[in-house]
Amino acid sequence: MAEHEEPGREDRAKELEAFKERQLRELREFEEKQLKELEEFENREREELEEFEERQHPYEIKIDRTEFKVKEHFRTGAQLRALPNPPIGPDRDLFEVVPGGSDEKIADNQEVKMRDGLRFFSAPAQINPGSI
């Protein structure tokens, strides 16, 4: 007795092949869409970086209520400490004023992104209660 193929097996094989093709097409479309979005993101980032680097006028910042103009896009805490004359010594800490939040202590090696209106202040590094 000859074996017979299961009824509908060929139809299921065709359906499976069509499903696989549909999945591959959808995967390619998804990958193309992701690639396009990544390229758009990279272009926006590049444009923003170019604009950032082309900035000609200096940033206006304040340290202990004295205004300074700086051209660098980033400055370290040590570079900020060197701006006043005399510079802020190691006996004082430097803080960035954070409106509506806790002021942030700036370490000497910490980079700070410059922007107009940044404010900093210095305070004694050690406070001895009861001392004048």
Side-chain angles (χ1 to χ4, degrees):
M1 196 168 154
E3 283 189 38
H4 295 289
E5 280 194 23
E6 224 177 283
R9 181 178 178 138
E10 192 173 308
D11 289 342
R12 283 195 302 266
K14 287 179 182 179
E15 287 176 15
L16 182 59
E17 191 59 36
F19 176 76
K20 287 179 182 177
E21 288 176 18
R22 197 169 48 252
Q23 290 290 355
L24 284 172
R25 187 180 63 249
E26 289 175 3
L27 178 61
R28 278 193 301 272
E29 290 171 358
F30 175 77
E31 288 174 340
E32 289 170 5
K33 180 182 174 191
Q34 290 295 97
L35 182 60
K36 182 180 177 187
E37 288 177 3
L38 178 60
E39 287 172 354
E40 289 172 357
F41 173 78
E42 288 174 342
N43 287 337
R44 280 193 310 273
E45 287 290 302
R46 188 174 24 261
E47 289 170 5
E48 288 178 14
L49 181 60
E50 287 170 3
E51 180 183 322
F52 183 70
E53 290 174 343
E54 290 173 1
R55 181 183 167 103
Q56 295 297 312
H57 71 279
Y59 298 99
E60 295 180 5
I61 65 170
K62 286 187 179 180
I63 300 175
D64 290 333
R65 297 185 181 168
T66 301
E67 189 171 295
F68 296 93
K69 294 183 180 194
V70 297
K71 291 183 180 178
E72 298 84 4
H73 300 299
F74 291 89
R75 281 211 161 214
T76 64
Q79 290 171 321
L80 291 168
R81 288 172 163 279
L83 286 174
N85 190 8
I88 299 169
D91 59 325
R92 298 182 69 79
D93 288 329
L94 181 65
F95 292 86
E96 178 182 343
V97 175
V98 179
S102 298
D103 298 329
E104 180 183 353
K105 183 178 174 182
I106 306 297
D108 285 349
N109 62 349
Q110 180 178 347
E111 283 195 336
V112 179
K113 181 178 176 184
M114 295 293 101
R115 63 183 187 277
D116 286 326
L118 270 180
R119 293 181 297 144
F120 301 90
F121 67 92
S122 63
Q126 293 188 356
I127 299 174
N128 295 325
S131 299
I132 296 179

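Once rounded to the nearest 0.5 Å, the distance linking NZ of Lys20 with CG of Leu16 reads 4.5 Å. Between the CD atom in Glu45 and the CG atom in Leu38 there is a gap of 10.5 Å [rounded to 0.5 Å]. Summarising the geometry, atom CD belonging to Glu48 is positioned 11.5 Å from atom CG belonging to Asn43; distances are rounded to the nearest 0.5 Å. In this structure, CD on Glu26 lies 5.5 Å from CD on Gln23, to the nearest 0.5 angstrom. A distance of 10.0 Å separates CG of Leu27 from CD of Glu32, quoted to the nearest 0.5 Å. Interatomic distance, Lys113 NZ to Tyr59 OH, rounded to the nearest 0.5 Å: 7.5 Å.
The shortest heavy-atom contact between Asp116 and Glu60 is OD1-N, 2.9 Å. Phe120 and Val112 get closest at one heavy-atom pair: CZ-CG1, 4.0 Å. When every heavy atom of Pro90 is checked against every heavy atom of Ala125, the shortest pair comes out as O-CB, 4.3 Å.
Salt bridge absent: Arg46 and Glu42 never bring a charged side-chain N and a carboxylate O closer than 4.0 Å.
Annotation: side chain of Leu35 is not in contact with side chain of Glu31 (no heavy-atom distance under 4.5 Å). Contact check for Pro84 versus Phe68: side-chain heavy atoms found under the 4.5 Å cut-off. Counting heavy atoms from C-beta on, the side chains of Met114 and Leu80 come closer than 4.5 Å.
For Phe74, the CZ atom counts as densely surrounded, since its 6.0 Å shell holds more than 12 non-hydrogen atoms of other residues, nucleotides or ligands.
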Test salt bridge (charged side-chain N to carboxylate O under 4.0 Å, His left out) on Glu10 and Lys14; report intermediate values, then the result. CA-CA 6 Å; Glu10 192 173 308; Lys14 287 179 182 179; 3.7 Å; yes
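The hydrophobic clustering, which links ILVMFWY residues whose side-chain heavy atoms are closer than 4.5 Å, places Ile106 and Phe95 apart. Transitive grouping of hydrophobic side chains (ILVMFWY, heavy atoms separated by less than 4.5 Å) keeps Ile61 and Phe121 in distinct clusters.
Sequence neighbours left out, the pairs with a member in residues 75-97 that pass salt bridge (Lys or Arg N to Asp or Glu O under 4.0 Å) are Glu72-Arg75, Arg81-Asp108, Asp93-Lys105, Glu96-Arg115.
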